[in-house]
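A short write-up of the structure that comes next.
By convention in this document, chain letters (A, B, ...) are assigned in the order of the sequence lines, proteins followed by strands, and residues within each chain are numbered from 1.
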Amino acid sequence: MKHRMISLTLASLAALTASQAFAQYKGPKVTITYLHGFTGADRPVMEALIKRFNETHPNIVVRGQAQPWTTTWQQLPALVASGRAPDVVVINEDQITGFIARGALSPLSSADLKAAGIDKNRFYKPLFQTADYKGQSYGLPVSSVAYVMFYNKDLMKKVGLDPNKPPQTRAEFLKAAQACTVDKAGKKAGEQGFNPKNLDTWGVSLYNNWVGARAAYAAILQNGSSLVDKNLNAAFNSPQAVEAVQFLVDLVTKYNVARPNSTEEAELAAFSQGKVCMFPSGQWYLDRFEQQKMNFGVAFFPRIGGSKQDAAWGGSSHLTLPKQRPNYDKNKRAAALEFMNWLTLPAQNLTWTETGSLPTMSAVAKDKKFADKPIAGVFSKLSNIYATSGFPWGGQVLVPFDNAWENAYLGKKSVKKALDDGVNDSNKQVAQARKSFQ
Amino acid sequence: MSTALPRRRPGYGQLNDSNPLVPYLYLLPHAIFFFVFVIYPVGYGVYVSLHRWDLLSESRPFVGLEYYRALFDFSTPQAQFFWKSLLNTTFFTVISVPLLVATSLGLALLLNRPILGRAFFRAVFFLPGVLTVSVMGILWRWIFDNQIGLVNAIRTDLFGNQPIPFLTTEGLAWLPIIIGTVWWTIGFNMTLYLAALGNISRSYYEAAEIDGAGTWAKFRFITLPLLAPITLFVTVTTVLASFQLFGQTLVITNGGPSRSTQSVIQFITEEAFTNYQFSSAAAMSFVFGLAMLIFTYLQFKIMARDAKGGS
């Protein structure tokens with residue numbers, strides 16, 4: 001009900017922005033197929049949007065089809081190869097460059113964008129560039145999630161920190177984390193007799209899985225480095241990367257403000273129970289903490305990796321046009337572009353944020369409905385969210401990277417060795433992958 | 001072929017039992033499925049493994065045995081991780097199969113007696129088997145969580161010990177996987193054993209009692225030998241199921257820490273659908289399949305001999 005109300009009120013707004021931006025599709029009536037992976041609670045929202053589009057565009061019929069993402073990744077190559085690909089497919093940031101490099105997608109030329117009235121400057125720049133490869137654009141961002149830092153306001157107040165001023169730099173962060181860390185005997189981190197093995201509350205959540213590894217990713221970017229070098233070979237063992245990840249590991253081993261050997265579930269439970277001050281994780285936990293009526297805040301991931309730039313990991317979904325057979329109907333392509341543009345306009349994006357997605361453009365982030373929401377704390381820096389994208393060999397780089405973080409965090413290897421080994425593993429596989437992308 | 005047939009045979013036009021085509025027609029439905037779903041995919045798999053293959057690429061050059069060779073060249077990550085994951089899977093099989101066979105036999109023996117609530121207990125042990133692997137996996141991951149798991153909660157809250165990081169310690173990470181798998185699948189083997197126990201005639205035991213045989217002797221010389229065929233069946237199917245380990249490690253540890261619990265199937269899936277190296281994954285599947293064939297053959301040889309010798 002809530003969704004319908006919002007989309008109805010926004011319909012007029014959508015019509016307004018649409019009419020001023022471009023001429024609508026004028027060709028004969030066409031039906032286009034639209035394949036996406038929004039199969040959960042986000043499905044009814046997407047279906048309502050499709051319905052809205054069909055109602056307002058009499059000569060385009062969009063047939064939406066929802067199926068699990070992994071099924072799409074497995075089917076898309078066969079569909080493209082046989083010339084039976086859907087007209088529009090949503091592809092996620094970790095898959096998109098791979099599909100581009102393998103030739104599954106058709107580029108969005110500047111003529112395409114212009115004809116459909118798509119202004120790429122309305123999106124956050126790094127978010128839009130997630131679907132870029134070798135100077136060409138291949139998709140429009142329709143949904144976005146990101147790594148943020150949740151913090152417990154009650155706990156921060158209790159240890160004498162300002163609950164409305166979450167830390168932003170490495171020094172502030174460490175200070176806050178140390179203030180939060182108290183053992184069961186009431187001793188603070190660094191104090192004489194402090195027992196790090198018997199913590200009552202602690203500063204920050206770090207943990208072992210791929211979600212945990214996103215803290216390391218952010219830290220590396222913040223320190224001015226990256227996962228890959230300019231030739232797209234793995235390079236997450238640069239001196240800056242090692243320095244950034246070392247600080248995270250030091251939080252466990254040197255400063256004792258994070259627990260060793262922890263899991264995402266354990267840290268999530270600890271944060272829910274008010275045991276840990278700062279919980280960096282996906283913004284998708286927002287709903288859970290709101291329902292729990294926790295007194296919490298959401299901040300952009302502080303610059304703990306370095307002071308070069310603000311950065312956090314983000315995931316995104318992009319509307320793309322798969323490669324079609326040679327005699328593909330031009331009208332379908334035009335209609336598909338029209339649909340892609342409409343679905344990513346501010347009005348529709350605002351509706352889409354109901355699903356928990358972050359705004360994909362600043363025009364939406366400014367909407368007053370977010371003003372009192374905890375998530376608004378990160379909105380000023382949404383243009384500093386970076387997806388793991390841009391290299392076609394996603395698995396070959398990300399799996400070794402996640403393993404490297406795990407080895408470093410769990411103390412199985414020194415940070416330098418863990419990252420070196422990861423890069424070594426990764427580049428051997430990248431070399432093999434290169435042959436298949438020729 | 002038709003010239004070789006005796007002339008008095010009826011023609012192919014008449015569809016009665018003496019038509020030489022009849023047996024083949026009976027086999028045809030199965031043969032179609034067999035070719036479409038077994039022979040053709042296997043043949044296609046071989047083709048994929050011998051080419052640098054991607055559905056989307058314009059050229060799919062023939063590379064011969066390159067991907068097979070890579071599996072025996074230990075400077076490649078493929079060889080390293082493939083054999084490591086095969087070793088992991090073998091370790092799991094070696095530990096879990098005796099547990100799954102022995103405990104299910106033990107349970108069946110207990111529940112074969114006329115005890116109170118027998119049907120209830122049979123149901124209780126069978127029930128976990130109806131859960132999906134993800135439910136079972138999450139349950140055991142929670143029980144063994146490094147910090148908040150039930151096992152560690154008992155250790156820390158009741159006994160004041162330090163928590164043990166089960167999920168992130170090489171070796172220990174197998175505990176939730178193996179215990180969970182036994183809990184999850186034991187009911188099926190138990191049911192097979194119960195059925196087999198029900199078929200053993202009481203008269204053997206009565207005769208043995210007259211000869212003065214005790215409980216152990218009756219078990220050793222009557223029950224066990226008569227269960228030999230079902231033990232062979234249970235063992236072979238359990239070994240094959242154990243080699244196909246996938247869901248449990250995926251959900252509980254995701255193959256970690258440091259790939260120490262990654263199963264072969266999981267690694268092959270990673271190579272195919274995360275790394276998009278289909279040819280390499282196909283080659284691994286065939287090497288793995290061959291290893292399993294040899295293993296099963298040996299097992300049949302050894303156990304069939306035992307089954308014969310024991311009875």
Side-chain angles (χ1 to χ4, degrees), chain A residues 70 73-74 76-82 94-95 98-99 101-104 197-198 207-210 259-263 265-270 273 323 392-396 398-400 402-403 406-407 409-413 418 421 424-433 435-438, chain B residues 51-61 63 66-67 70 73 75-81 138 141-142 144-149 152-153 156 160-170 172 252-260 262 267 269-280:
Chain A
T70 46
W73 313 151
Q74 289 171 20
L76 191 58
L79 290 171
V80 170
S82 62
D94 58 335
Q95 300 288 333
F99 278 116
R102 291 162 72 203
K197 287 190 167 168
N198 210 1
Y207 42 92
N208 71 326
N209 66 357
W210 77 268
R259 292 194 296 183
N261 290 314
S262 206
T263 59
E265 273 145 359
E267 291 304 320
L268 179 60
Q273 293 159 9
K323 198 157 127 191
W393 21 82
Q396 283 89 336
L398 293 175
V399 173
D402 293 348
N403 281 338
E406 188 166 85
N407 285 328
Y409 165 68
L410 297 175
K412 291 186 192 302
K413 291 175 182 175
D421 288 355
N424 189 28
D425 263 359
S426 173
N427 280 337
K428 279 183 186 168
Q429 296 182 70
V430 167
Q432 291 165 339
K435 291 185 197 163
S436 1
F437 285 104
Q438 271 165 5
Chain B
H51 293 71
R52 185 172 299 125
W53 185 91
D54 187 311
L55 257 180
L56 289 164
S57 66
E58 307 267 304
S59 69
R60 294 165 203 163
V63 293
E66 187 186 304
Y67 290 105
D73 169 4
S75 65
T76 66
Q78 276 78 8
Q80 243 169 290
F81 300 150
I138 290 171
R141 193 174 74 203
W142 281 351
F144 278 90
D145 189 274
N146 291 355
Q147 311 276 358
I148 53 164
N152 276 324
T156 51
N161 292 325
Q162 281 298 315
I164 298 174
F166 289 105
L167 298 180
T168 53
T169 307
E170 284 186 40
L172 285 182
I252 298 175
T253 58
N254 194 21
S258 310
R259 294 185 190 265
S260 67
Q262 190 172 44
F267 180 60
T269 312
E270 179 186 320
E271 185 74 350
F273 296 110
T274 306
N275 293 347
Y276 292 117
Q277 297 291 306
F278 301 105
S279 306
S280 170

**OP:** Measure up the A/W73 and A/F99 rings against each other and bin them: parallel (under 30°), tilted (30 to 60°), perpendicular (over 60°).
**Re:** tilted
Subject >> Flag if over 12 foreign heavy atoms under 6.0 Å of NZ, A/K323 >> reply: no
Subject >> Within 6.0 angstrom of B/W142 CH2, more than 12 heavy atoms from elsewhere >> reply: no
Side chain, backbone, both or neither: which part of [X] has a heavy atom under 4.5 Å from chain B?
X: A/E265; value: both
X: A/P260; value: backbone
X: A/Q95; value: side chain
X: A/N208; value: side chain
X: A/K412; value: side chain
X: A/A269; value: side chain

What's the separation between atom [atom1] in [X] and atom [atom2] in [Y], rounded to the nearest 0.5 Å?
X: B/D73; Y: B/Q78; atom1: CG; atom2: CD; answer: 10.0 Å
X: B/F144; Y: B/N152; atom1: CZ; atom2: CG; answer: 9.0 Å
X: A/N209; Y: A/Y409; atom1: CG; atom2: OH; answer: 10.0 Å
X: B/Y276; Y: B/E271; atom1: OH; atom2: CD; answer: 13.0 Å

For the candidates [options], which exhibits the highest count of non-hydrogen atom pairs separated by less than 4.5 Å from chain A?
options: B/T168, B/N254, B/T156; value: B/T168
options: B/L56, B/L55, B/I148; value: B/L56
options: B/T274, B/T76, B/N275, B/N146; value: B/N275

Subject >> Donor-acceptor pair between B/D145 and A/T263 side chains, under 3.5 angstrom >> reply: yes
Which of [options] touches chain B most, by non-hydrogen pairs under 4.5 Å:
options: A/Q396, A/K428, A/Q432, A/E267; result: A/Q396
options: A/A104, A/A270, A/P400, A/G103; result: A/A104
options: A/N403, A/L410, A/L398, A/N424; result: A/L410

Original post:
Checking heavy atoms, do the side chain of B/T169, its backbone, both or neither come under 4.5 Å from chain A?
Top reply: backbone
Original post:
In chain order, what residues pass the salt bridge (charged side-chain N to carboxylate O under 4.0 Å, His left out) check against B/E270, with sequence neighbours excluded?
Top reply: B/R259
